[in-house]
Amino acid sequence: MAEVKIKLKGTVTNGKRIYDRPEIKKMLLDELEGKRFEEIIQKEHIDKTGQQLAYYFGGIIAGTCMRCESFGGYTKNEIDHHFRTVLRPYKASRLVNGRMTVEDRVDDIGAYSIDEMSLFLEDVLNLLASYGINPLPSDQYLLKKYSLS
């Protein structure tokens, strides 16, 4: 039988858990009566926003970088890879033909939370400022304003 995992969400106020759906919590506890359970509490993952992605790919990359001399001839994906290579590199081990190898990797922003994406955007803007490139603030870019087609 497959193990069922239920996520309960809520907030912590004055050190107490306040569940968004307390009736679900009660129902689950009733079903677990007399049984052992495991509870994991972590900060909720809130996915990055469409506006953050629009600003990164449309405003920063297409609207600024692809229009400046420093990135002349680069594609959108090459500019994105450059930022991730400079700002988010890491080493990963893996087994290849029975031997452990270490590879250079870069973060995949696809899994970023809203907070991680905010930090990444801040780092990209600081990196660009060190190159003398200053994109407009995010409120100057509207979703789908810049297109690569």
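None of the values given here were measured: they were computed from a predicted structure.
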Next item on the list: Go through the steps for Ile18 and Val12 under the test side-chain contact (heavy atoms from CB on, under 4.5 Å), then give the verdict.
Entry: CA-CA 6 Å; Ile18 311 298; Val12 176; over 6 Å; no

Note to self: The test is side-chain contact (heavy atoms from CB on, under 4.5 Å); show your working for Arg105 and Lys91 and say whether it passes.
What the structure shows: CA-CA 6 Å; Arg105 299 263 179 97; Lys91 303 269 186 208; over 6 Å; no

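Checking side-chain atoms of Arg94 against main-chain N and O of Met100 turns up no donor-acceptor pair under 3.5 Å. Here the side chain of Glu31 pairs no donor or acceptor atom with the backbone of Leu28 at under 3.5 angstrom. With hydrogens and angles ignored, the 3.5 Å screen pairs a side-chain donor or acceptor of Ser130 with a backbone N or O of Leu127.
The side-chain tip of Lys76 points at the ring of Phe57 from less than 6.0 angstrom away and within 45° of straight on.
The two atoms that bring Leu53 and Lys48 nearest to each other are CD2-CD, 3.7 Å, heavy atoms only.
Between Phe71 and Phe83, the ring planes are perpendicular. Angles over 60° get that label, and only those under 30° would be called parallel. Under the 30°/60° scheme for interplanar angles, the aromatic rings of His82 and Tyr74 are found to stand perpendicular.
Under 4.0 Å is where a charged nitrogen must lie from a carboxylate oxygen, and between Arg84 and Asp108 no such pair does. Comment: Asp30 engages Lys26 in a salt bridge, judged by a side-chain N to carboxylate O separation of less than 4.0 angstrom.
Around CD of Glu39, the count of heavy atoms belonging to other residues, nucleotides or ligands within 6.0 Å exceeds 12.
Ser70 is listed as a side-chain neighbour of Ile133, based on a closest heavy-atom distance under 4.5 Å.
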